[in-house]
Amino acid sequence: ISTGGGDDNGGGNGDTDTDTDTPINTEESTEEITLQWAADTRVADAEEDVVQALRDAGLPENIDIDILAGSQVTDNRQAQYQQWLSGGRSEPTLLMMDSGWTIPFIARNQLQNLSQSLPEELTSTIEEEYFEASVSTAKGSNGDLYGQPLFPDFPTVQYRKDLLRNAGYTDEDFSTWATESMSWEDFSRVTKEALDANPDIENGFTFQANVYEGLSCCDFNEFMTSYGGAYFGGRENLFGPIGDRPITVEEEPVINAIRMVRTLIHGEDDEYALDGITGGISPEAVLQWTEDPSRQPFTTGNAVMHRNWPYSIVINGAEPSEENDQTGFGEDLGVMPIPYGVTEDEAMYEGTGGPVAALGGWHMTMNPNSSDAQKQAAVQVLRTMQSEQFQLDMFRIIGWIPPRPSLLESDQAAEVPIIGRYLDALKVAGENAIPRPVTVVWPQQSGRISQEVNAAFAQEKSPEQAMSDLASQLEQIEQNA
Amino acid sequence: MGDVTLEHVSKHYDDVTAVDDMNLDIEDGEFICLVGPSGCGKSTTMEMIAGLTIPSEGKVFIGDREVTNLPPKDRGVAMVFQNIALFPHMDVYDNISFGLRLRNYDKEEIERRVERAAEIVQLQGMLERMPDEMSGGQRQRVAIARAIVRNPGVFLMDEPLANLDAKLRVHMRTELQRLHKELDTTIIYVTHDQAEAMTMSDRIAVIDSGQLQQIDPPLVCYNEPANLFVAGFIGSPSMNFLDGEVTADGFSSTNIDVEFDPADLGIEAGTDVTMGIRPEDVYLVDDEALVSNPSRRIDAVTDVLEPMGDEIFVYLKLSESAETDLEDTSGVANDQLLMSVAPDTDIEEDEDVTVVLDRSRVHLFDTATGEAISHGIETAVQTSGAPGTEAESDD
Amino acid sequence: MGDVTLEHVSKHYDDVTAVDDMNLDIEDGEFICLVGPSGCGKSTTMEMIAGLTIPSEGKVFIGDREVTNLPPKDRGVAMVFQNIALFPHMDVYDNISFGLRLRNYDKEEIERRVERAAEIVQLQGMLERMPDEMSGGQRQRVAIARAIVRNPGVFLMDEPLANLDAKLRVHMRTELQRLHKELDTTIIYVTHDQAEAMTMSDRIAVIDSGQLQQIDPPLVCYNEPANLFVAGFIGSPSMNFLDGEVTADGFSSTNIDVEFDPADLGIEAGTDVTMGIRPEDVYLVDDEALVSNPSRRIDAVTDVLEPMGDEIFVYLKLSESAETDLEDTSGVANDQLLMSVAPDTDIEEDEDVTVVLDRSRVHLFDTATGEAISHGIETAVQTSGAPGTEAESDD
Amino acid sequence: MESLSETQFAYLLLTPALVLLGVIAVYPLVSTFSMSLFADRLTGTARLGEFVGLQNYVDLFTGARNYALPSQFLPTFTSEFPFVTNIYSSALAVTLIFTVFSVLFETLIGFGQALILDQDFRGRRWVRVAIIIPWAVPIVIQGMIWYLMFQPNIGFLVGTSENPALLNQLGLIGTTPLRNTADALFLIIVADVWKTSAFMALLILAGMQSIDRSLYDVAKVAGASRWQQFKLITFPLILPTVLVAMLFRTIDAMRVYGIIQTMAGCQTVPSLSCLVVTTFNTPLYGTSATVAFVTAGIIAVVVSVYIVNFASEGI
Amino acid sequence: MASETPGAGIGSDDPDTEQGPLGRWVDSAIKNPDRVYRAMFYVAMLFFLVTTLFPFYWLLVLALTPNNLIANMGLVPKGFNPEVFIAMFERVPFHLYMFNSFVLGITTTVLVLLIASLAGYVFGRLRFPGKGVLMLGILAISYFPPAAFLIPLFELFTGNTAISIGMVTISTPDLFNTPAPMVFPFSALFLPLSIFILTTFYGQIPDGLEDAARVEGTTRLGALFRVIVPLSAPGVATAGVLTFISVYNEFFFSFLMNNGEADSWAPIVAGILKYQGQFDTPYNLMAAASIVGVLPVAILVIIAQERIVSGLTAGALKE
Ligand SMILES: Nc1ncnc2c1ncn2[C@@H]1O[C@H](COP(=O)(O)OP(=O)(O)OP(=O)(O)O)[C@@H](O)[C@H]1O
Ligand SMILES: Nc1ncnc2c1ncn2[C@@H]1O[C@H](COP(=O)(O)OP(=O)(O)OP(=O)(O)O)[C@@H](O)[C@H]1O
Ligand SMILES: [Mg+2]
Ligand SMILES: [Mg+2]
């Protein structure tokens, strides 16, 4: 018995015979064909509507879509894909892939190179019309495109207008905030005021700082970037070159970001409190929170400000009703972009500073092991998914933010209930989105970042200490890659 | 301290009554044998005394204390179990010393006692064996040793010698008797071996179907059984029984008549009675003339002979049609008679013989109730007293 | 088909030799009793025949087949285990029918046979009990029934009646004999009960320490034991032994001399011999005059009396210093003698008595080797032939 | 078949087990072991890089591979007392601590539960189910229950510094216990004990039920108190079962992963299996295979304690 | 010689001295230590019941509380939302996952018990050379984290392993999305535990019973299945329950050997995870699902416990 690959090429089962970059015949075939699309439960739950949306957008009838409701838990899905693709399975043909971990798959030659195998018109549409940050997370080091963004995701800060009104703020302020980001100084002060004005509210600003991917990719990435800092220098270094880029976590903007958060949590008395920040507005609990646990106190009315992804806007912005157990704040929910530490001009690196939003979202990628017929049909599906109609439909059906910034300004988008009210803020976020620095070593680095940052937040280490520890770890990872 | 009393004790299982209203009064220091057919309730009785089974009704006393609900460990009894039940995970030494170790005896004392017990049961040199490396008899001896290392108030022994050979059994018997004397404890002993019961016990308690039939010294049970059951049960081979009727002249049955005066024994003529005679009380008449009263002679034909070494069992046919049915254990067979004769007797199968019964050892039982009416219809010559006096006063 | 042969069979455990170079030739249809002291290797021998234990050396044959390594199921044997070994998870019916069900007998046949077996062992109506709801004897009977429902070539029974009362035992004995006759199977039977061995078996195999001592018909073993061991082991109470020497006049020991002509028996004077005499061969002399040769009279004092019901055991002191040692089971005691007398004998403790030995039943053994030299120093009167002729030709 | 020698027969009966284990376990392990002899490779089609012999193992033990792991493999040793620093950031130390405490408490509690279940009382079948049922809870859910209980502002077992809950006041845990290695480890042990004591209880109970009841009769008559009956009869007779139960619990505990992942995450409470799974997912196959084999080796060392015991029990 | 004085420590028989109820209880407790044991027993039982059941209660609290209200939870549900038990089925075909888990569990359990019975018999009752080494070898398999098996097994079961027999090379069949790639690894992984359990239990059955069965005409295997296995019922049932539960909840292989769909034999854990979103977690649905998911196991335990507690009773064995 021997494994397919044999030990001479490293014991691994290289799928050397699959070609990831031969052009695919893109003519429409009339053959009946069923495509498997590894999606998630939300797609599966709305299967009928989704398929209808595809049909409306022109998907030929001979192509049937079989939706796999993969686990929504992103780690699990990643492990699954890893097995499928490295195992050379031909199904499923289309894979919905987190923009946070598409690049490692690209690096392993496990995805179809869309730039090479798709007609030019399709790829150029993506390059030209889609959120740039999103597109950048679907590209290989050669600059080729391996994924088609399906939807992006940007966090924002949600707030309770009713509480802030008690602190003297008005709708005018609210509408300013929707597009014009506040500085962290202002933000913390405002929050504190609201807390003081609403004594029964325990939490000022809630966010996520558990030791997990979300901290390194997103929450801290935002804080850091908003102070003009970066993990690896400027934006140009986000996706490499590994080992040849500076490690900049020891620099002041990063330290300041940590100090700012420490102040938010532990108050202005903290040894490393950052001047100008009003402290004590975030519960220590953030250190153990991920998205949903952090949302619960806000949803149940026990917090003023809350950083989270758009999914929670839908929940928190709903009108209280029987159906949602009288939760939701309806019109009283305000949304604003994430505050900034320094302005873009003051920022140390190009493309940092100002209001930033970590980039989430998912791409469509194609399994290179699929049969030609399947690939051919898959191209049809991708094409259909580029249709604006489809993207708007999905915004309505599932709440997927359209991957084209232009669509966020459309009337149709604004008509979408609840989230349609907050497009302004989302657009700002989208424009300022910062992807995580995904490379093949990012999974290793991410763990270290969240560990050290959390430790620094928790006063277990001084910010400097934590970041210098982190820097040496990151350096090692970079050098060993 | 060691007297054991059962007061109206019964034990019912779902659909079986194992022990039925048992009253038993055992004195301190007595050696009592419980005998009875298989399944009659002997073990159950023992278990109730030990505290392993709680009686359904009645009370158990040990010494002056009521112990009916007391746990076994507080009763001060030691027991040899019928099923042996050695601890499989302990070697012989640990099995034997178990009870002593529980009481924190010091090591030397334990060692001394175990050695002694092992000697008594002749298991020296096997103390390090595990139970599964021993023969059946050896295991049983371990079980005995396990009980006798202790000094309890009451010993309960449930067929302790069943798996031992005759010689060892004799040895153990004397050892147990010595132990009994030495420690002066009460011993309650279940056995199926008549010799054991006869030689060892102060009294024998005969049980049938959970009911006490008789409790008396061995020879009393043997010579004066209280009822048909006891008569048939004690003695091996069993007593011969013949069903018949009391006539004015005495006892009359199909093949044998025994003349006596019913009035002497206080029986009314016409009563259905069963006559019993033990095999050793049937004598072969060599010289017919010697028999004083010719009517007492019984003519028979020998059937099967069973030579036992020290005696020969002779099955006699009393009538033509008789067939020796070795299987029939009910004991009542009006046309046959078992006789035991000395091993050197000159006798053959199918020989015509004349026998007589020892009239002093003829037993009469009321057939209906089974109760004994009389033991001997004529007092034996040597102990000759005033025959019939008792009976007369009854009349 | 059912003949069983052991050829030089031995079984060694780590440090014990359970069976030692055993040769045994059992014919088809024979009823053989294995007897011997506890731990002598009886069960081990049975297990080797059954195939449960593989001999360390030697071969086992059943019928004409060598079966030494054949699994039990292919040997056509049924066995009653000494430790009973009922299947605790099956009720009595299932226990008994186990072997039949394995062989896919049809239901009615099974039912018929189980009913019949249950009847034989007197367990009708208990077929639905679980083993733990039964008494010791009842369980043993189930074990017997489990074996006898089948029709094997060979029955192996390891103390099948140990837990049964005397009456039931007699019943079972006859049942087994009947079965034996009916089925004509070989039965190999271990028992500690001398009566069982004597009455049931065609031959008795006496084993000691794993070695076969004698295999002969019961009365031969009883009357002509091959050696001291057999003489002492067979018979209960055991034979009396006296150590002495052969003189020109016969046998001479501390207290008893027996005159005879050593030449008649082919013994040289000066040989150390042990004389054996069974208790029932010691006779009380009522009228001293009756004894022809006064030198044959033995004067003694009675010591302990053990009344057994059907006989009395009398321990005789031969010398002043003698002490009845009921514990001593070696058998050799030069100053005491056990005698059995009829139950009605008029005898008391500490009485001076005169006894004689039945010279035709005096056994002589070579003390050194234990081998028998002679059984009877004078042929019994009734079978009187030409005493001494053999001896003379030898001289 | 019956005429086979005992040895032949033994091997014949073992064939199904050996074939199954050979194909499903041994073959993969051989293959995985060969993976551990190759360097990691993060780009390109092949799973593994060049052949490096035992370099992966060397790197792991010298700490040169720590960068690839979510946390250190060995603790950092110093020459000063207490000789070991940052004990909680070492996978080996965390795993051993978890193993010792969880197995210890599971055995004790399992024992107690088994003793209860062994009794005869009304409604015992329900009690039995109640005690056994935590073992049936999927780890995801077990994790969720305990995670939520200790999630500030959600569960009731932690409070805030202003408004501490009982456990906080007692100083047992901080207000964000699941992000703190020591606290989280403690809670994970508690959660594991909750779930897995039932495993012990079940096995021990089965052991108790297999004891011939007549032995207790003998012991009672010999004067044994309940405690003595337990000590002298029950315990020695169930010891083999208890050892088997503890053996497998130890092995399982040494491989703990799921409950950590669901309650606190591998970053916070690194266990040996965390290293395996994290590197596997990263995917650093060479390192992952190496850690897997080293983990197995460490388990083998720990387990040898039991093996010695087994040998002395004659199993 | 220390003689046994029965009844040491037995109090006076005088029942009604002037004591309060507690005093009386203590007094009677001294006289009747059974009562103390009884009391201790109930206290311990209560303790175990509370500690084991409390998390379930809390699970029920979570299930009944609408998800949006799950915050600052106390000991009672916030709101009462029994519809969650319907909603959970609407969201995910949970019953199908339960069915899959059940089938996988039963299949594996049967396979494991069968193979482990043979091996347990061999290890528990036979002596042969190589026994110790084999047992250690089998045990050693359970030292490895499941991940160590994954890649080769994945290839084996997805048709990527080629077997060469002489000139012919056959690819293994693609069994992905069938029960096989789960059942076999489960069996192999849980086999060592069952083998060891059964080894100890089978080893304890007295030889006499096996002997009796063999003389009655069974083969050794027959004796195993007719006598030894039934008499080891507690051990066998326990091994079965442990295996079943392990499979029922197994995650690693169940997750990677199928695509997670109910019709691809994905088990219950995959079903539970389906409730979870990328960021949002409907705790109430998951809680409800786990309560429902645990029910089959509870039923199984109820059934199996009859076996588990059907130990050997009083000495039908004369040993
Ligand atoms: N497994 C074993 N290991 C060591 N010795 C053993 C083993 N089995 C039996 N023996 C020894 O072998 C001898 C013969 O045993 P066996 O069971 O055959 O005796 P037995 O004649 O049946 O005795 P009993 O009448 O007491 O049943 C005994 O001394 C016994 O101690
Ligand atoms: N647990 C039980 N359930 C039902 N019946 C039982 C139980 N235990 C004993 N018996 C019955 O009670 C009766 C008395 O049993 P016991 O063991 O006392 O008899 P025994 O006199 O010791 O008999 P043996 O001489 O055969 O040992 C028997 O008929 C038996 O079948
Ligand atoms: Mg009994
Ligand atoms: Mg024997």
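The chains referred to below are lettered A, B, ... by the order of the sequence lines, with proteins before strands, and numbering in each begins at 1. What you are looking at is a predicted structure, and each value in this text was computed from that prediction instead of being measured.
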Heavy-atom contact with chain D under 4.5 Å, split by part of [X]:
X       : result
L242(E) : both
L111(E) : neither
L191(E) : side chain
A287(E) : both
F201(E) : side chain
L134(E) : side chain
A140(E) : neither
I197(E) : both
L49(E)  : side chain
P296(E) : neither

Pick from [options]: which one has the most heavy-atom pairs with chain D under 4.5 Å?
options                            : result
V241(E), L139(E), I195(E)          : L139(E)
L126(E), V297(E), V112(E)          : L126(E)
P55(E), S246(E), A298(E), P146(E)  : P55(E)
P192(E), G293(E), A116(E)          : P192(E)
I115(E), V236(E), V269(E), L189(E) : I115(E)
T238(E), L136(E), L114(E)          : T238(E)

Distance-only, no hydrogens or angles: does the [X] side chain make a donor-acceptor pair with backbone N or O of [Y] under 3.5 Å?
X       : Y       : answer
S288(D) : L284(D) : no
S31(D)  : Y27(D)  : no
S273(D) : P145(E) : no

Do you know which two heavy atoms are closest between [X] and [Y], and how far apart they sit?
X       : Y       : answer
A201(D) : Q113(D) : CB-OE1, 3.6 Å
T199(E) : G120(E) : OG1-CA, 3.5 Å
L62(E)  : M144(D) : CD1-CE, 4.3 Å
V276(D) : V291(D) : CG2-CG1, 3.7 Å

*What do the steps show when you test T234(D) against Y216(D) for side-chain hydrogen bond (donor to acceptor under 3.5 Å, both in side chains), and what is the final call?*
CA-CA 9 Å; T234(D) 313; Y216(D) 290 105; 2.7 Å; yes
May I ask you to name which of [options] has the most heavy-atom pairs under 4.5 Å with chain E?
options                            : answer
V140(D), V137(D), T295(D)          : V137(D)
V30(D), L18(D), L247(D), I298(D)   : L247(D)
T15(D), I299(D), I24(D), T32(D)    : I24(D)
K195(D), Q119(D), Q142(D), M149(D) : M149(D)

_In this structure, is the centre-to-centre distance between the rings of F186(E) and F244(E) below 6.0 Å?_
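No, they do not, as the ring centres are separated by 6.0 Å or more.
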*Examine Y283(E) together with Y275(E) and report whether their ring centres are nearer than 6.0 Å.*
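No, too far apart.
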Report which part of [X] has an atom under 4.5 Å of a heavy atom belonging to chain E: side chain, backbone, both, or neither.
X       : value
A289(D) : neither
I116(D) : both
M208(D) : neither
V127(D) : both
V303(D) : side chain
I132(D) : side chain

*Donor-acceptor side-chain pairing of S117(E) and Y202(E) below 3.5 angstrom*: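 Y202(E) and S117(E) do have a side-chain donor-acceptor pair below 3.5 Å.
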*Check step by step if side chain to side chain contact (heavy atoms under 4.5 Å, CB included) holds for T241(D) and I204(D).*
CA-CA 6 Å; T241(D) 320; I204(D) 294 172; 5.9 Å; no
*Run the salt-bridge test on R125(E) and E6(D) with the 4.0 Å N-O cut-off and return the result as yes or no.*
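No salt bridge links R125(E) with E6(D).
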Please verify the inter-ring angle class for [X] with [Y]; under 30° counts as parallel, over 60° as perpendicular, anything in between as tilted.
X       : Y       : result
W194(D) : F56(E)  : tilted
Y11(D)  : F128(E) : perpendicular
Y57(E)  : F54(E)  : tilted

*Run the side-chain hydrogen bond (donor to acceptor under 3.5 Å, both in side chains) check on T250(D) and Y306(D) step by step: do they pass?*
CA-CA 10 Å; T250(D) 305; Y306(D) 292 94; 2.6 Å; yes
*List the steps, then state whether ring pair (Phe, Tyr, Trp, His ring centres under 6.0 Å) holds for F253(E) with F154(E).*
CA-CA 9 Å; F253(E) 284 95; F154(E) 191 87; 10.0 Å; no
*By number, which residues in residues 252-259 of chain D have some heavy atom less than 4.5 Å away from chain E?*
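Against chain E, the residues of residues 252-259 of chain D that fall inside the cut-off (heavy atoms, under 4.5 Å) are R255(D).
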